[in-house]
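Some notes on the structure that comes next.
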Amino acid sequence: METKTALQELLHQALISAFNGVDGLPETKDIAIKPASKAEFGDFSNTSAMGLASTLRQPPIKIAQTVVAEVEKMGCPKWIKRMDVVSPGFINIWLAGDSAFGAVKAIIEQGENYGRKPAGTGRRTLVEFVSANPTGPLHVGHGRGAVVGDCICRILEANGCEVTREYYYNNAGVQMKNLGRSLHARYLQALGDDVEFPDDGYKGDYVRELAETLKEEAGESKRDAKLEFFTVYASDRIMQWIDEDLKAMGITFDVFFKESSLYESGEVEEALKQLAEREMSYKQDGALWLKSTQFGDEKDRVLIKSDGEKTYLTPDIAYHLDKARRGFERAINILGHDHHGYIVRLKAGIQALGFSADFLDCPTIQMVSVERDGKEVKLSTRGGEFITLKELLDEFGADVVRYFMAMRSYDSQFTFDLNLAQDTSEKNPLYKIQYAHARTCNLLVKAKEQGIEWQGADAVDFELLQLSEEKELGKALARYPEIVDRAAAELAPHCLPNYLLELANLFNSYFAVGNNDASARILRVDAPELTQARLALVVVLRQVLRNALGLLGISAPERM
RNA sequence: GCGCCUGUAGCUCAAUGGAUAGAGCGUUGGUCUACGGAACCAAAGGUUACAGGUUCGAGUCCUGUCAGGCGCGCCA
């Protein structure tokens with residue numbers, strides 16, 4: 001990081017000095033210093049010359065040459081070995097010394113904190129995710145949202161944010177009553193009564209199972225129980241299932257927030273009052289409307305229906321008022337993409353209360369479809385047939401499910417082919433990554449067996465590491481903090497699996513060199529100093545693999 | 001009809017406006033009695049859906065077209 005800043009300042013100085021007085025020169029912080037994409041391009045590259053071509057009315061290559069010449073005139077710092085100008089105007093920079101391993105010592109010192117920023121340096125953030133009403137077991141779509149949400153939390157925490165994980169649900173609305181009626185009907189059916197099942201009831205087998213359990217527990221005693229009994233009975237048990245599934249994936253929440261509490265606390269009324277005071281609501285046709293069109297919505301939305309019932313939107317606006325009141329500086333809602341149409345009106349509600357639209361970010365997670373035997377399995381809680389998250393967890397385990405759910409951008413829908421997942425599971429990229437980690441652990445065990453003691457980074461001479469595989473690996477390890485930065489800035493967990501796979505491949509290639517060339521082996525009893533240097537690389541790799549896997553909530557086994 | 005997302009190798013997907021578009025799986029050929037082979041090396045495979053535009057430079061940004069998914073309620 002420091003090198004980068006120094007380079008920015010150096011190039012900025014050169015630009016000012018060479019083109020003194022010209023308008024439109026970039027500021028120091030805007031000079032892009034990027035890690036070179038290939039070894040032949042040095043350590044860093046800069047593209048300022050291309051960007052300035054039109055401003056300076058000169059060919060970019062000439063500008064680049066001028067800048068480099070200016071640096072030399074000013075006296076090129078010792079820590080820069082070489083600066084090249086390459087068509088059409090890249091400035092490629094080589095650092096002196098063995099930059100490939102510049103980060104290694106720091107990584108060893110920082111250990112599990114490598115890639116993390118100090119707590120409290122980021123915004124206080126509330127992440128709301130899953131938020132499924134307890135009307136049925138979680139399906140794979142919920143699973144994707146759950147994994148992405150949890151990974152985003154872990155990534156933001158690594159970025160210095162104080163994060164609260166929250167699950168918002170409604171245990172008292174229409175859907176819950178519907179669930180209660182569904183259980184009641186199944187219960188009576190289980191008792192042998194000939195009753196009709198509600199048309200809009202929950203048709204899944206799990207309601208039948210609940211009815212059977214209830215029959216075993218209570219016999220016929222609940223035949224005339226109130227609807228509320230069935231609603232509470234069903235939702236309590238379903239919430240337990242949900243909790244178990246989430247725990248099985250390593251996901252825990254700090255707060256389970258009930259919609260009903262917003263009514264109890266008076267915040268719903270408070271929100272309505274504030275909207276009225278701000279003249280953001282109005283009455284028409286017997287209903288109360290939100291002026292959401294003022295904030296880009298295509299039509300105004302109803303807050304209170306003409307029958308006096310509030311719409312879903314009203315408590316949700318109150319909920320976000322509550323989030324702000326609790327002192328959060330940022331709210332993130334992980335939503336299923338089928339709810340994307342709702343975002344504009346919710347943001348409108350927040351803005352109508354006077355908050356910035358930036359307060360809330362709503363990444364929407366694209367649908368997951370599931371294929372079995374080449375046929376799509378429909379995912380519908382009410383339709384009855386679905387693949388549950390639990391089935392997936394039982395079949396593949398939490399690590400695999402988490403990896404797959406996080407490995408690609410949530411902007412893309414994806415098809416989870418159960419047969420394919422099973423067939424290829426042994427060649428799963430995750431196993432390659434975990435195997436690489438196990439290998440690093442084993443190398444250290446092996447070293448001890450051979451009487452080699454890892455003596456820490458201080459004793460290491462990195463000049464001894466001359467293999468191209470070693471340098472590539474060293475550079476890749478140094479890039480980790482940038483990967484975390486980007487994952488946090490873009491709320492994009494999928495950066496991490498890609499990076500992990502790259503590390504695993506680099507390490508496997510390095511390791512394999514030793515198969516054909518004994519001098520390239522990591523453990524060399526005949527060359528203790530070289531072995532120490534190589535072990536340093538292994539220790540650092542192990543650390544970075546652990547740190548990155550930790551951000552995904554995936555285990556780093558020492559043996560497989 | 002309007003809105004959101006997507007379209008990249010046979011398949012599943014990466015790629016911060018930068019240099020010759022990359023991985024995994026699959027296919028083909030090779031390495032190997034090993035510091036754990038759950039490995040490695042190599043090859044084949046691309047008009048980045050199509051057509052324009054913006055600029056030094058576009059898979060990436062803009063416009064249009066086509067295709068797939070989702071959403072468009074005084075439902076949640």
Side-chain angles (χ1 to χ4, degrees), chain A residues 32 34 36-38 40-41 45 47 49-54 59-61 86-90 92 133 135 170 173-176 178 259 284-289 298-299 301-313 316 336-344 364-367 369 404 407-417 420-421 423-424 426-429 431-432 434-436 438-439 442-447 449-450 452 482 485-486 489-490 494-495 497-499 501-502 504-505 507-516 518 520-524 531 534 538 559-560:
Chain A
K34 294 187 178 180
S37 53
K38 292 191 176 182
E40 61 182 287
F41 299 144
S45 66
T47 57
M50 273 101 82
L52 287 167
S54 57
I61 192 143
V86 181
S87 176
F90 290 99
N92 292 335
N133 282 340
T135 58
N170 176 348
V174 178
Q175 288 188 11
M176 302 312 296
N178 199 352
E259 185 194 22
Q284 187 179 306
D285 304 329
L288 186 72
W289 297 74
E298 52 191 17
K299 56 174 288 196
R301 304 291 172 177
V302 170
L303 293 165
I304 303 178
K305 298 186 273 178
S306 51
D307 65 2
E309 291 284 320
K310 293 170 187 73
T311 62
Y312 181 81
L313 178 62
D316 215 6
H337 190 261
D338 52 339
H339 289 88
H340 75 268
Y342 181 72
I343 296 169
V344 173
T364 61
I365 313 302
Q366 282 287 348
M367 304 289 109
S369 56
F404 269 92
M407 77 187 284
R408 25 194 177 254
S409 160
Y410 48 73
D411 282 337
S412 299
Q413 8 185 138
F414 83 96
T415 303
F416 205 119
D417 184 329
L420 192 69
D423 287 349
T424 61
E426 290 193 6
K427 299 194 171 178
N428 194 303
Y431 292 152
K432 181 178 269 195
Q434 289 182 320
Y435 176 63
R439 231 178 195 177
N442 192 58
L443 273 167
L444 292 166
V445 172
K446 204 84 184 177
E449 287 174 13
Q450 296 183 12
I452 301 167
E482 286 178 40
D485 267 357
R486 196 188 141 207
E490 298 179 20
H494 76 271
C495 298
N498 290 329
Y499 174 70
L501 192 56
E502 185 187 338
N505 281 325
F507 178 53
N508 284 337
S509 296
Y510 174 35
F511 187 87
V513 178
N515 284 341
N516 294 323
R521 293 195 177 199
I522 291 163
L523 301 180
R524 294 266 309 272
T531 300
R534 287 179 174 166
V538 169
R559 268 185 292 277
M560 298 185 69

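Computed from a prediction, not measured in an experiment: that's the story for all the values here. Note: hydrogens, waters and symmetry copies are ignored here, and every other heavy atom, side chains too, is used. Here is how names work: the chains are called A, B, and so on, in the same order as the sequence lines, proteins then strands, and each is numbered from 1.
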Q) Base, sugar-phosphate, or nothing: which does A:Ala447 touch, judged by heavy atoms less than 4.0 Å apart? A) nothing
(Q) With heavy-atom distances below 4.5 Å as the criterion, would you say the side chains of A:Met50 and A:Pro88 are in contact? (A) yes
Q) Can you check side-chain hydrogen bond (donor to acceptor under 3.5 Å, both in side chains) on A:Asp316 and A:Tyr342, steps first, answer last? A) CA-CA 11 Å; A:Asp316 215 6; A:Tyr342 181 72; 2.8 Å; yes
Q) Checking all strands, does A:Thr364 fall into the base, sugar-phosphate, or nothing category for heavy-atom contacts under 4.0 angstrom? A) nothing
Q. So what does A:Arg524 touch, heavy atoms closer than 4.0 Å: a base, only the sugar-phosphate, or nothing?
A. nothing
Q | A:His340: partners by ring-ring contact (aromatic ring centres under 6.0 Å, His included), with sequence neighbours left out | A | A:His337
Q) Closer to the 5' end of RNA chain B via nearest nucleotide, is it A:Cys495 or A:Asn508? A) A:Cys495
Polar-atom pairs under 3.5 Å, protein N or O versus N or O of nucleotides 57-63 of chain B: list them with distances, or write none.
none

Q: Looking at every strand, decide which applies to A:Gly514 at a 4.0 Å heavy-atom threshold: base, sugar-phosphate, or nothing.
A: base
Interface polar pairs with nucleotides 69-74 of chain B, N/O, under 3.5 angstrom:
| residue | atom | partner | partner atom | Å |
| --- | --- | --- | --- | --- |
| B:G69 | O2' | A:Gln413 | OE1 | 3.4 |
| B:C72 | O2' | A:Glu298 | OE2 | 3.3 |
| B:C74 | OP2 | A:Lys299 | NZ | 3.0 |
| B:C74 | O2 | A:Ser306 | N | 2.8 |
| B:C74 | O2 | A:Ser306 | OG | 2.9 |
| B:C74 | N3 | A:Ser306 | OG | 3.3 |
| B:C74 | N4 | A:Asp285 | O | 3.1 |

Q: Please state the C1' separation for the pair B:A58 and B:A15 - nearest whole angstrom.
A: 13 Å
Q) Salt bridge check: are A:Glu309 and A:Lys305 linked by an N-O gap of less than 4.0 Å? A) no
Q | Which residues share a side-chain hydrogen bond (donor to acceptor under 3.5 Å, both in side chains) with A:Arg524, sequence neighbours left out | A | A:Asp526
(Q) Applying a 4.0 Å non-hydrogen cut-off, can you work out what A:Asn442 is touching in the nucleic acid: base, sugar-phosphate, or nothing? (A) base
Q: Considering only atom C1', compute the distance from B:A21 to B:G46 and round it to an integer number of Å.
A: 9 Å
Q: For A:Ala36 and A:Phe41, work out which heavy atoms get closest and say how close.
A: CB-O, 3.6 Å
Q. Using a cut-off of 4.0 Å on non-hydrogen atoms, how would the nucleic acid contact of A:Phe511 be classed: base, sugar-phosphate, or nothing?
A. base
Q) Given side chains that start at C-beta, do those of A:Met176 and A:Thr135 come closer than 4.5 Å, heavy atoms only? A) yes
Just the atom pairs and distances: protein N or O near nucleotides 17-20 of chain B's N or O, under 3.5 Å.
| residue | atom | partner | partner atom | Å |
| --- | --- | --- | --- | --- |
| B:G18 | OP2 | A:Lys34 | NZ | 3.4 |
| B:A19 | N6 | A:Ser45 | OG | 3.2 |
| B:A19 | N6 | A:Asn92 | OD1 | 3.1 |
| B:A19 | N1 | A:Asn92 | OD1 | 3.2 |
| B:A19 | N1 | A:Asn92 | ND2 | 3.2 |

Q. Which whole number of Å gives the distance between the P atom of B:U16 and that of B:U55?
A. 23 Å
Q. Expressed as a whole number of Å, how far does the P atom of B:G59 sit from that of B:A9?
A. 15 Å
(Q) Rounding to an integer number of angstrom, what distance separates B:G7 and B:A14 when you compare their C1' atoms? (A) 15 Å
Q | Spacing of the P atoms in B:U6 and B:G17 (rounded, Å) | A | 14 Å
(Q) Taking the side chain as everything from C-beta on, heavy atoms only, tell me whether A:Arg534 gets closer than 4.5 Å to A:Leu443. (A) no
Q. Between A:Lys310 and A:Arg559, which is nearer to the 5' end of RNA chain B once each is assigned its nearest nucleotide?
A. A:Arg559
Q: Just compare B:C13, B:U31, B:A76 and give me whichever is closest to any side-chain atom of A:Phe414.
A: B:C13
Q) Looking only at atom P, what distance separates B:A38 and B:A19, rounded to whole Å? A) 37 Å
Q: Determine, step by step, whether A:Arg301 and A:Thr311 satisfy the side-chain contact (heavy atoms from CB on, under 4.5 Å) criterion, reporting the C-alpha distance in whole Å, the side-chain angles of both residues, the deciding distance to 0.1 Å, and the verdict.
A: CA-CA 9 Å; A:Arg301 304 291 172 177; A:Thr311 62; over 6 Å; no
Q: Could you run through RNA chain B and flag its stems, i.e. three or more consecutive Watson-Crick or G-U pairs with both distances under 3.5 Å?
A: B:1-7 with B:66-72, B:10-13 with B:22-25, B:27-31 with B:39-43, B:49-53 with B:61-65
Q. How would you label the contact of A:Leu501 with the nucleic acid (heavy atoms, under 4.0 Å): base, sugar-phosphate, or nothing?
A. sugar-phosphate
Q) With rounding to whole Å, what would you report as the distance between B:G29 and B:U12 at their C1' atoms? A) 25 Å
